[in-house]
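Quick notes on the structure that follows.
Since the structure is predicted, the reported quantities are computational estimates derived from the model, not experimental observations. Below, read A as the first sequence line, B as the second, and so on, with proteins coming before strands; counting in each chain starts at 1.
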Number of protein chains: 2
Amino acid sequence: MEYQTDLIILERTELFRGVAVQALREIHAVSYRKRFSAGEIIFRQDDAAASLYVVSVGRLRATQTVPDGQQIIIRYLGPGEVAGYTTLSGAATHPGSITAVDDSYLIGWSADTIKQIMSEHTAIAMNAIVLLGARYREMQLRLRELSTERVEQRIAHTILRLTAQAGRRTVRGVEIAFPLTRQDLAEMSGTTLHTVSRTLSAWEEEGIVDCGRRRVIVAEMDALTLIAAGTSPRLPNRL
Amino acid sequence: MEYQTDLIILERTELFRGVAVQALREIHAVSYRKRFSAGEIIFRQDDAAASLYVVSVGRLRATQTVPDGQQIIIRYLGPGEVAGYTTLSGAATHPGSITAVDDSYLIGWSADTIKQIMSEHTAIAMNAIVLLGARYREMQLRLRELSTERVEQRIAHTILRLTAQAGRRTVRGVEIAFPLTRQDLAEMSGTTLHTVSRTLSAWEEEGIVDCGRRRVIVAEMDALTLIAAGTSPRLPNRL
DNA sequence: CGGACTTTTGAAGTAATTCAAGGGGAGTGG
DNA sequence: CCACTCCCCTTGAATTACTTCAAAAGTCCG
């Protein structure tokens, strides 16, 4: 029944949502499947944009690297999300790299195929517009956060976003469902791993979070939301 | 001949590029024209996204404001660019405000009309995808700059981007073709007007720029490019 | 020529980085 | 099962790039 489940998965992705089953069958027929183990690279920054994937199972990380070795995390991608939007929007090369952070199972199309599909199915083009609009807005938000907020707030926002995107209820609180180092959080919040570590330690002290090696559990969502909003009473130099 | 020129203008916009003349005529027929004087507000943050404009003449500024009054500039929009992409991509409200910084002449459509147009003309939907992709990439770039670069570099990048977008050759160098305060540059670079002022003064000292009230002229593009790249020898505490 | 914006510049303050060093945890291989 | 090693994380202390505070000087416009 792999065929059936693939169709169901496609129907639930942000790109193929609402597309007629008949069309999905055609689209599925010209797709290919690919597995990546945790740590494997899907696209490398500046490579030609020759294909597009949707995540079926797993988790990917989109990053950008600067010549001097610094890196920022653009976003994480979970099931149903599109990896390689550049292939849709025409730019010749990938603006960043995409790596698997968990073992992942992707469904892919070549650049030509996906363009062909889009021009034949208006609904898919519309979905692409919605999807790109949402990402653009997400970036505007992050840019604003980075410009106007202090680190503690930014880290709080980053973690809240991650719980919204990949949160898993547990007895101790909401856990971010994939491995995540302090360095990763730093690269998402625009700070250093040291500052992230100090901040998490302070929060742990207050019982707001409960973290371990490559793991973050938010115990007190409300408290974290307050910190993110900047309304939390800031202890002078709490770090 | 206003009708003819409007068609030519539409044909040159990022959204209607490459669309058949017949279709452009229809699109033009359902559009409306609107003038805004410098300082007037086109969209207000959180207003319902009920229309979309393309800039025919003039210059707009897209901003986001935070409750405490701080503001950041998302981008400037010049002739041919789309204001109100949100209306395309389905979100209910505008994520930021758009203001005219010069007297401007816009061509507009209602949300329903533009969606109708898009679904009838695949080429336009494709243009929208290209346009949103480009903006998304621009935002990724700025996010990276803001995370990894120091202020001087960021200000340099901001000014370079502005000259690329709205630069005008003059005898003294490349001038940014619209009024721009130190505060504006600060809101684009993620810093304060004080730091921008100090930085510009230092550059003026070195003959790299030539600025005045609400005006910036880049005399030495190469020098500025070097600073932006971070390869320029940083005088310790040049500010 | 008054008044509202801009811009400049000095001095003080500070949030966060950088530097430095050590302490776990988890897997591996003997 | 223990030792070894590679990461990852933590925490103190020093430093600094930038902001904040403060005040004054231009500059444009009616």
- prompt: Under a 4.5 Å cut-off applied to non-hydrogen side-chain atoms, are B:His194 and B:Thr192 in contact?
  reply: yes

- line: With five pairs defining each end axis, the helix from C:dC1-D:dG30 to C:dG30-D:dC1 comes out bent, to 10°, by 40°

- prompt: D:dT11 phosphate, OP1 or OP2: any side-chain N/O from A:Ser201 under 4.0 angstrom?
  reply: yes

field: A:Arg214 side-chain N/O to D:dC8 phosphate OP1/OP2 under 4.0 Å
entry: yes

message: Rounding to an integer number of Å, can you tell me how far B:Arg154 CZ sits from D:dC18 P?
response: 7 Å

task: Please report, rounded to the nearest Å, how far the C1' atom of C:dT9 is from the CD atom of B:Glu205.
output: 13 Å

query: To the nearest Å, how far apart are B:Glu204 CD and D:dG26 C1'?
result: 14 Å

field: Nearest-Å distance for atom pair CZ/P, residues A:Arg198 and D:dG12
entry: 8 Å

query: B:Arg214: what forms a side chain to side chain contact (heavy atoms under 4.5 Å, CB included) with it, not counting sequence neighbours?
result: B:Pro179, B:Thr181

- prompt: Of all the nucleotides listed (D:dC9, D:dT11, C:dA16), which has the minimum atom distance to the side chain of A:His194?
  reply: D:dT11

- request: Could you work out which one of D:dT11, C:dA15, D:dC18 sits closest to the side chain of B:Arg150?
  value: D:dC18

task: State whether A:Thr195 places a side-chain N or O below 4.0 Å from either non-bridging phosphate oxygen (OP1 or OP2) of C:dA15.
output: no

field: Short side-chain N/O contact from A:Arg182 to OP1 or OP2 of D:dT10, under 4.0 Å
entry: yes

task: Report the distance from atom CZ of B:Arg215 to atom P of C:dC5, rounded to the nearest whole Å.
output: 22 Å

- prompt: Just checking, any donor-acceptor pair under 3.5 angstrom between side chains of B:Ser89 and A:Arg137?
  reply: yes

message: Tell me every residue that passes side chain to side chain contact (heavy atoms under 4.5 Å, CB included) with B:Arg215, counting only those two or more places apart in sequence or in another chain.
response: B:Arg172, B:Glu175, B:Ile217

- request: State, without any angle test, whether A:Arg33 and A:Ser31 hold a side-chain donor-acceptor pair at a distance under 3.5 Å.
  value: yes

query: Quick one: A:Gln183 CD to D:dC9 P, roughly how many Å, whole number?
result: 9 Å

field: Flag for B:Thr158-B:Ser189: side-chain donor and acceptor within less than 3.5 Å
entry: yes

task: May I ask you to evaluate whether B:Thr192 reaches the phosphate of D:dC18, defined as a side-chain N or O under 4.0 Å from OP1 or OP2?
output: no

- prompt: Roughly, in whole Å, what's the span from CG in B:Leu193 to P in D:dC18?
  reply: 16 Å

- request: May I ask you to say what A:Ser197 touches in the nucleic acid, namely base, sugar-phosphate or nothing, with a heavy-atom cut-off under 4.0 Å?
  value: base

- request: Round to the nearest Å and state the distance from B:Glu149 atom CD to D:dC18 atom C1'.
  value: 16 Å

